[in-house]
Amino acid sequence: MKSLFNTAIAITAVAGIITTSTSCKSGADKSAKKDSAQQTVATKPVPGTPIKYDSSKRYIFLTWDDSPQPPGTTNCRKIFHEEGVKSTFFAVGFNQVGPFKKRLIDSIRAGYPEVLLANHSFSHGFNDKYSTFYSTEKTDTAFNDFMRNEKDLGIGVKIIRLPGNNTWASNGKIHGQKAENPLIKKLDAAGYKIVGWDMEWSQVPKAKAPKESVEEMLAKLNQKLDEGSTNEANMIVILSHDRLFEKQQYADSLRKFIQVLKKDPRNVFETLDHYPSVQNK
């Protein structure tokens with residue numbers, strides 16, 4: 001509990017929000033502090049504010065699905081924060097059970113620009129029943145599942161990752177596994193940006209553990225960027241899941257992966273609101 005609170009304070013401090021206060025000796029002091037606080041909040045970046053790309057850089061988007069799943073979520077956030085890299089957490093509403101998980105989601109939402117909260121549906125595709133979730137008959141129900149998640153979790157960006165499906169959609173341009181699916185078309189028409197992935201740090205079957213080694217992940221990442229085989233040139237979206245990094249040995253692997261990437265001056269870590277198909281509205 002204490003570590004989550006400290007992490008949330010540290011992240012909001014990075015974002016430029018004043019989170020503590022002291023007693024004022026006079027009305028003038030109160031007024032001055034109020035003005036100062038208002039000015040500080042006004043300078044806080046807003047999700048979706050465009051950035052300018054540098055063609056000499058390689059943009060890395062760390063995207064973690066099925067949040068919140070502590071202690072994996074808290075481990076990943078701690079590592080991302082301590083290493084000074086940006087990331088995006090795709091949250092699932094029915095995973096937010098109890099006050100601790102609610103505070104965890106609250107801290108992710110408040111952590112921008114270091115971390116971004118995005119939409120992974122409320123029910124995770126009707127509890128992994130994908131054939132039903134993506135059926136024509138359930139289009140409206142599935143659409144409302146995303147809308148419920150957005151409302152319940154207070155998700156402030158229209159960025160979606162489909163559960164169990166690698167499809168991309170933005171402004172009528174749709175490609176991937178479900179390019180002709182009516183749910184995807186309805187989400188796109190409503191202005192949502194659907195983001196898939198270029199590579200995955202996958203899970204060992206029936207185990208909360210990453211399948212690939214750090215070396216395998218680094219080799220795959222560099223190969224894809226060098227070959228230009230990602231969805232966008234010089235951009236790579238990495239998918240993984242919070243739960244894979246519960247144990248210390250796997251959390252250490254994640255930290256090593258990031259530390260090696262940071263040594264290459266070409267690499268820039270960003271949140272998904274700055275991905276081209278999302279940013280270019």
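Throughout, numbering of the chain's residues begins at 1 and tracks the sequence. Note that this is a predicted model, so its numbers are computed, not measured.
Criterion: ILVMFWY side-chain heavy atoms under 4.5 Å apart, direct or through other members. Under it, Ile51 and Ile60 are part of a common hydrophobic cluster. Linking Ile, Leu, Val, Met, Phe, Trp and Tyr whenever their side-chain heavy atoms come within less than 4.5 Å leaves Phe122 and Leu104 in two separate clusters. Ile105 is not connected to Val92 by any chain of hydrophobic side-chain contacts under 4.5 Å among Ile, Leu, Val, Met, Phe, Trp and Tyr, and they are in different clusters.
Atom OG in Ser240 sits 8.0 Å away from atom CG in Leu254 (nearest 0.5 Å). To the nearest 0.5 angstrom, Lys186 atom NZ is 7.5 Å from Thr139 atom OG1. To the nearest 0.5 Å, atoms CD1 (Ile238) and CH2 (Trp64) are separated by 6.5 Å. Note that CG of Asn75 is 14.5 Å distant from CZ of Arg243, once rounded to the nearest 0.5 Å. Between the NZ atom in Lys247 and the OG atom in Ser253 there is a gap of 12.5 Å [rounded to 0.5 Å]. Distance CD/Glu150 to OG/Ser121: 13.0 Å, rounded to 0.5 Å.
The side-chain heavy atoms of Lys129 and Lys138, taken from C-beta on, include no pair separated by under 4.5 Å. Contact annotation: the side chain of Leu244 approaches that of His241 to within less than 4.5 Å [non-hydrogen atoms, C-beta and beyond]. Between Phe257 and Leu221 there is a side-chain heavy-atom pair separated by less than 4.5 Å. For the pair Asp54 and Tyr59, the minimum side-chain heavy-atom distance is below 4.5 Å. Side-chain atoms of Ile79 and Val85, non-hydrogen and from C-beta on, never get closer than 4.5 Å to each other. Contact of the Asp252 side chain with the Gln248 side chain is registered, since non-hydrogen atoms from C-beta on lie closer than 4.5 Å. A 4.5 Å side-chain heavy-atom check between Phe80 and Val115 finds every atom pair outside the cut-off.
Under the 3.5 Å distance criterion, the side-chain polar atoms of Ser87 are left unmatched by any main-chain donor or acceptor of Leu62. A distance-only check finds a donor-acceptor pair linking the side chain of Thr73 to the backbone of Gln69 [under 3.5 Å]. The closest donor-acceptor contact from the side chain of His274 to the backbone of Thr49 lies under 3.5 Å. Asn234 places no side-chain N or O within 3.5 Å of a backbone atom of Arg58 that could act as its donor or acceptor partner. A donor-acceptor pair is defined here as one N or O able to donate and one able to accept, closer than 3.5 Å; such a pair exists between the side chain of Thr230 and the backbone of Met235. The main-chain N or O of Glu83 is never found under 3.5 Å from a side-chain atom of Arg255 such that the two would form a donor-acceptor pair. Put simply, the side chain of Asp273 never gets that close to the backbone of Pro47: no donor and acceptor are under 3.5 Å apart. Looking at Asp242, its side chain never comes within 3.5 Å of a backbone N or O of Gly72 through a donor-acceptor pair. The main-chain N or O of Gln177 is found under 3.5 Å from a side-chain atom of Thr167 such that the two form a donor-acceptor pair. No donor-acceptor pair closer than 3.5 Å links the side chain of Asn119 to the backbone N or O of Lys158.
Between Asp198 and Lys224, none of the side-chain N atoms (NZ, or NE/NH1/NH2) sits under 4.0 Å from a carboxylate O, so this pair counts as no salt bridge. Ion pairing of Asp106 with Lys102 is present here, as a side-chain N (NZ or NE/NH1/NH2) and a carboxylate O approach within less than 4.0 Å. At a threshold of 4.0 Å, the pair Glu212-Lys220 does not count as salt-bridged, since none of the basic side-chain nitrogens sits closer than that to a carboxylate oxygen. No salt bridge links Lys211 with Glu216; every basic N to acidic carboxylate O contact stays at or beyond 4.0 Å. For the pair Asp188 and Lys193, the salt-bridge criterion is not met [side-chain N within less than 4.0 Å of a carboxylate O].
Listed by first and then second residue, the salt bridge (Lys or Arg N to Asp or Glu O under 4.0 Å) pairs that reach into residues 86-95 are Lys86-Glu270, sequence neighbours excluded. Screening residues 161-179 for salt bridge (Lys or Arg N to Asp or Glu O under 4.0 Å) gives Asp65-Arg161 as the qualifying pairs, with residues at least two apart or on separate chains.
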Candidate pair Asn231 and Tyr275, rule side-chain hydrogen bond (donor to acceptor under 3.5 Å, both in side chains), full reasoning: CA-CA 11 Å; Asn231 186 63; Tyr275 191 78; 3.0 Å; yes
Between Val157 and Val278, does the side-chain contact (heavy atoms from CB on, under 4.5 Å) criterion hold? Intermediate values first, please. CA-CA 10 Å; Val157 294; Val278 177; over 6 Å; no
Would you sort out whether His120 and Asn149 count as a side-chain hydrogen bond (donor to acceptor under 3.5 Å, both in side chains), showing the intermediate values? CA-CA 8 Å; His120 198 38; Asn149 201 47; over 6 Å; no
Evaluation steps, side-chain contact (heavy atoms from CB on, under 4.5 Å), between Thr63 and Phe89: CA-CA 6 Å; Thr63 67; Phe89 284 84; over 6 Å; no
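Taking both residues in full, the closest heavy atoms of Lys101 and Pro70 are given as CE-CD, 3.8 Å, listed atom of the first, atom of the second, then distance. Trp201 and Met217 get closest at one heavy-atom pair: CB-CE, 3.5 Å. Nearest heavy-atom pair across Arg266 and Ser56 is CG-O, 3.9 Å. In terms of heavy atoms, Phe94 sits closest to Val97 at O-CG2, 3.4 Å. The minimum heavy-atom distance linking Tyr112 with Pro45 is given by the pair CD2-O, 3.5 Å. What you find for Pro265 and Lys263 is that their closest heavy atoms are CD-O, 3.3 Å.
For Lys262, the NZ atom counts as densely surrounded, since its 6.0 Å shell holds more than 12 non-hydrogen atoms of other residues, nucleotides or ligands.
By the 30° and 60° cut-offs, the orientation of the rings of Trp168 relative to His175 is parallel.
Taking the six-membered ring wherever Trp is involved, the centroid distance between the rings of Trp197 and Phe61 does not fall below 6.0 Å.
Ile184 shares a hydrophobic cluster with Phe126, Tyr130, Phe133, Tyr134, Phe143, Phe146, Met147, Ile160, Leu162, Ile174, Leu183, Leu187, Tyr192, Ile194; the chain of contacts runs through ILVMFWY side chains whose heavy atoms sit under 4.5 Å apart.
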